[in-house]
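Just so it is clear, the values below take in all heavy atoms, side chains as well, and ignore hydrogens, waters and symmetry mates. What you see is a predicted model; the values in this text were computed from it and never measured.
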Amino acid sequence: MLDPSKILRAVSAAIGVLLVAGCATQPEEPAQPAPPVATAPATPPPKVDDSAQRMEAARALLAQAETDVQRARSRHALWTKAWEDLIAARNAASSKDPDAVMRYSRDASELARLGLEQLAYPAVK
């Protein structure tokens with residue numbers, strides 16, 4: 001059987017060797033600064049269709065709202081206003097209005113989340 005004190009001494013010696021070896025490295029010499037390089041003026045990035053990006057973000061929020069409302073509906077915690085906001089967001093998506101889609105989707109998700117939180121509270125008699 002191994003003696004715990006021998007194991008402890010061996011581990012301590014190994015750690016000591018590693019610490020000494022780590023301290024024995026040569027100090028780094030400071031690097032010489034690179035000479036300045038002439039650069040061309042920065043060109044503006046090419047214009048990206050912002051409306052396409054906004055519509056993509058709006059569709060992502062709409063998908064999240066669909067999921068949240070479905071979750072609340074399955075637990076019988078869906079509020080009428082959440083459902084109305086989801087319908088309004090769908091209509092705005094078909095009209096290609098990203099601002100309205102985002103607004104209604106956020107509202108529907110928030111109300112669905114609140115409906116689910118309400119389940120944690122006791123029923124009123």
Side-chain angles (χ1 to χ4, degrees):
M1 186 154 155
L2 295 174
D3 185 21
S5 63
K6 288 183 182 179
I7 294 173
L8 183 60
R9 274 188 256 143
V11 170
S12 297
I15 291 174
V17 169
L18 289 174
L19 288 175
V20 170
C23 295
T25 60
Q26 294 291 330
E28 294 182 21
E29 293 183 21
Q32 296 293 330
V37 178
T39 59
T43 59
K47 296 219 176 204
V48 179
D49 189 12
D50 188 41
S51 63
Q53 288 179 345
R54 291 181 58 73
M55 196 61 200
E56 189 63 33
R59 284 191 184 110
L61 283 173
L62 178 59
Q64 181 63 44
E66 296 269 0
T67 303
D68 293 341
V69 166
Q70 183 61 33
R71 187 177 302 126
R73 185 176 182 198
S74 68
R75 304 258 331 260
H76 303 287
L78 182 60
W79 292 353
T80 305
K81 183 62 178 160
W83 180 253
E84 291 170 357
D85 284 344
L86 179 63
I87 298 298
R90 287 177 184 167
N91 292 337
S94 66
S95 301
K96 305 248 188 282
D97 183 7
D99 293 329
V101 173
M102 286 189 229
R103 182 179 69 243
Y104 287 125
S105 296
R106 283 188 192 115
D107 289 348
S109 289
E110 178 68 16
L111 292 173
R113 185 185 60 78
L114 288 172
L116 287 170
E117 284 182 12
Q118 185 180 11
L119 294 176
Y121 294 102
V124 178
K125 290 186 180 182

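Of all non-hydrogen atoms in A112 and A82, the two that sit nearest each other are N-CB, 4.0 Å. The two residues A108 and L86 make their nearest non-hydrogen contact at CB-N, 3.8 Å.
Checked against salt bridge (charged side-chain N to carboxylate O under 4.0 Å, His left out), D107 has no partners two or more places apart in sequence or in another chain.
With rounding to the nearest 0.5 Å, the separation of CG in D97 from CG in N91 is 11.0 Å. The distance from the CD1 atom of I87 to the OH atom of Y104 is 12.5 Å, given to the nearest 0.5 Å. Distance check, rounded to the nearest 0.5 Å: CG of L62 to CE of M102 gives 11.5 Å.
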Practice task
Take L78 and V69 through the side-chain contact (heavy atoms from CB on, under 4.5 Å) test and state the conclusion after the steps.
Solution key: CA-CA 7 Å; L78 182 60; V69 166; 3.7 Å; yes
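Here the side chain of S109 pairs no donor or acceptor atom with the backbone of R106 at under 3.5 angstrom.
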Under 3.5 Å, which donor-acceptor pairs do the side chains of residues 114-121 form with other protein atoms, sequence neighbours left out?
from: E117; atom 1: OE2; to: R113; atom 2: NH1; distance (Å): 2.2
from: Q118; atom 1: OE1; to: W79; atom 2: NE1; distance (Å): 3.0

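Counting only residues at least two apart or in different chains, salt bridge (Lys or Arg N to Asp or Glu O under 4.0 Å) contacts with residues 84-95 comprise E66-R90, K81-D85.
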